[in-house]
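The structure appears below as structure tokens.
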Amino acid sequence: MNSGGNNKITITSSTKNLSAVRNFVEHKAIELGFDSNIVNQIILSVDEACTNIIKYTHRFDENEKIEVKIDVRDREFRIILKYKGRDFDPNKMTEPDMNDYFNHFRVGGLGIPMMKKFMNKVEYNHKSPNQNSLTLVKII
Amino acid sequence: MEEFNIEIKNNGDIAKLYLNGFLDAHTSSELEKCFEKLIEENKYKVVVNFEKLSYISSAGLGVFMAYIETMRGNNGDIKLTNMTEKIYNIFDMLGFPILFEIYNEENTALEKFN
């Protein structure tokens with residue numbers, strides 16, 4: 001993990017680094033005065049976003065990297081993830097019907113619904129060649 | 001890296017799992033291994049105590065979903081107890097109380113098995 005100034009860290013794409021991302025985001029969210037319940041929702045959302053990138057975009061390739069940057073402006077706490085890889089917009093994924101989910105003992109697929117429920121906005125942008133940014137926004 | 005560990009205690013034919021620390025996509029394999037071991041030993045009645053669990057992500061939730069059918073199919077269950085408000089909120093928000101029995105006290109879960 002490398003710190004790039006106060007508002008940015010870069011991790012190698014591995015689940016072992018999820019805790020470093022959570023700690024970084026938690027510290028910033030507490031500084032801004034979010035209550036502990038909201039802080040937990042924010043760090044969970046970032047964890048879910050990074051987990052999906054590590055598992056599905058980078059397929060656990062530790063040569064890949066994820067940059068996590070925090071930007072606070074216009075009463076918005078913005079967490080911006082930048083990473084290389086295929087085009088995948090979480091907003092285009094259909095959310096599971098939870099009654100069906102439990103009736104059929106489904107596994108997985110809850111990360112994106114959690115992220116969308118907890119954050120005010122989830123913005124995705126794909127630029128060629130394979131440059132992605134995923135921004136999670138919480139209104140302050 | 002944040003720690004996660006599981007302490008296992010037996011109470012007759014019921015296995016009690018005490019989760020401690022941070023349960024995420026990195027550490028959830030530890031919990032999977034634990035359930036696999038219980039199944040190998042034909043132990044299908046499980047009480048999971050969350051008192052010392054500080055954090056859970058969807059990867060952790062997925063482990064319970066992955067094993068609940070097997071446990072119930074063998075006359076057992078996975079009953080969840082002693083969650084902090086923070087952890088309960090995550091289970092509740094996704095609707096897990098529809099499928100899982102969640103109790104404040106470990107003893108209540110044990111009694112429900114008997």
Side-chain angles (χ1 to χ4, degrees), chain A residues 1 11-26 35-56 58-60 62 66 90 95-119, chain B residues 1-5 20-33 35-36 39 44 50 53-74 76-78 80 83-102:
Chain A
M1 185 191 83
I11 59 158
T12 54
S13 201
S14 165
T15 54
K16 69 177 180 229
N17 294 321
L18 289 170
S19 58
V21 173
R22 290 198 301 266
N23 290 339
F24 170 69
V25 174
E26 182 176 29
D35 78 38
S36 64
N37 210 20
I38 303 289
V39 171
N40 191 49
Q41 293 180 359
I42 294 170
I43 63 170
L44 247 172
S45 302
V46 179
D47 178 322
E48 299 294 346
C50 288
T51 298
N52 281 349
I53 296 165
I54 294 163
K55 280 171 82 172
Y56 302 116
H58 293 158
R59 298 184 184 279
F60 301 100
E62 293 193 29
I66 306 171
E95 295 206 17
D97 171 332
M98 292 311 290
N99 283 322
D100 176 76
Y101 192 91
F102 289 119
N103 282 336
H104 294 95
F105 303 100
R106 307 248 191 253
V107 180
L110 296 180
I112 291 170
M114 282 168 93
M115 204 190 303
K116 285 159 81 175
K117 199 156 209 154
F118 288 149
M119 302 305 284
Chain B
M1 204 171 8
E2 286 162 336
E3 296 287 324
F4 172 72
N5 58 64
N20 192 335
F22 295 78
L23 182 54
D24 65 8
H26 192 62
T27 57
S28 58
S29 58
E30 286 299 310
L31 186 57
E32 281 171 5
K33 278 183 214 159
F35 276 108
E36 290 296 336
I39 290 166
Y44 301 107
F50 286 77
L53 192 77
S54 305
Y55 178 80
I56 189 165
S57 71
S58 70
L61 300 175
V63 179
F64 300 108
M65 287 303 298
Y67 291 98
I68 185 75
E69 198 176 3
T70 303
M71 297 313 190
R72 287 188 182 167
N74 288 279
D77 195 12
I78 304 171
L80 315 176
M83 289 183 185
T84 60
E85 192 187 346
K86 188 169 89 169
I87 299 285
Y88 179 77
N89 283 344
I90 305 302
F91 277 89
D92 188 42
M93 190 274 291
L94 291 165
F96 273 68
I98 295 170
L99 184 60
F100 289 85
E101 292 176 25
I102 303 177

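Since the model is a prediction, treat every value here as computed from it, not as a measurement. We name chains A, B, ... by the order of the sequence lines, and we start the count at 1 in each one.
Looking at A:Asn99, the atoms closer than 4.5 Å to chain B (heavy atoms on both sides) all sit in the side chain, from C-beta outward. Contacts of B:Ile98 with chain A are made by side-chain atoms alone, with heavy-atom separations under 4.5 Å and no backbone atom involved. Both the backbone and the side chain of B:Phe96 come within contact range of chain A, with heavy atoms under 4.5 Å apart. Heavy atoms of A:Tyr101 lying under 4.5 Å from chain B belong to its backbone as well as its side chain.
Heavy-atom proximity under 4.5 angstrom to chain A picks out B:Lys86, B:Asn89, B:Ile90 from residues 84-92 of chain B. Residues of residues 45-55 of chain A placed with any heavy atom under 4.5 Å of a heavy atom in chain B are listed by number as A:Asp47, A:Glu48, A:Thr51.
The two residues A:Leu44 and B:Ser57 make their nearest non-hydrogen contact at CD2-CA, 3.5 Å. The two residues A:Val107 and B:Gly62 have their closest heavy-atom pair at CG1-O, 3.7 Å. In terms of heavy-atom proximity, B:Glu69 sits nearest to A:Phe105 at CD-CD1, 3.4 Å.
For A:Phe102 and B:Phe100, the distance between ring centers is not under 6.0 angstrom.
Taking CZ of A:Arg22 as the reference point, atom CZ of B:Phe22 lies at 6.5 Å (rounded to 0.5 Å). B:Met65 CE to A:Arg106 CZ: the interatomic distance, rounded to the nearest 0.5 Å, is 9.0 Å.
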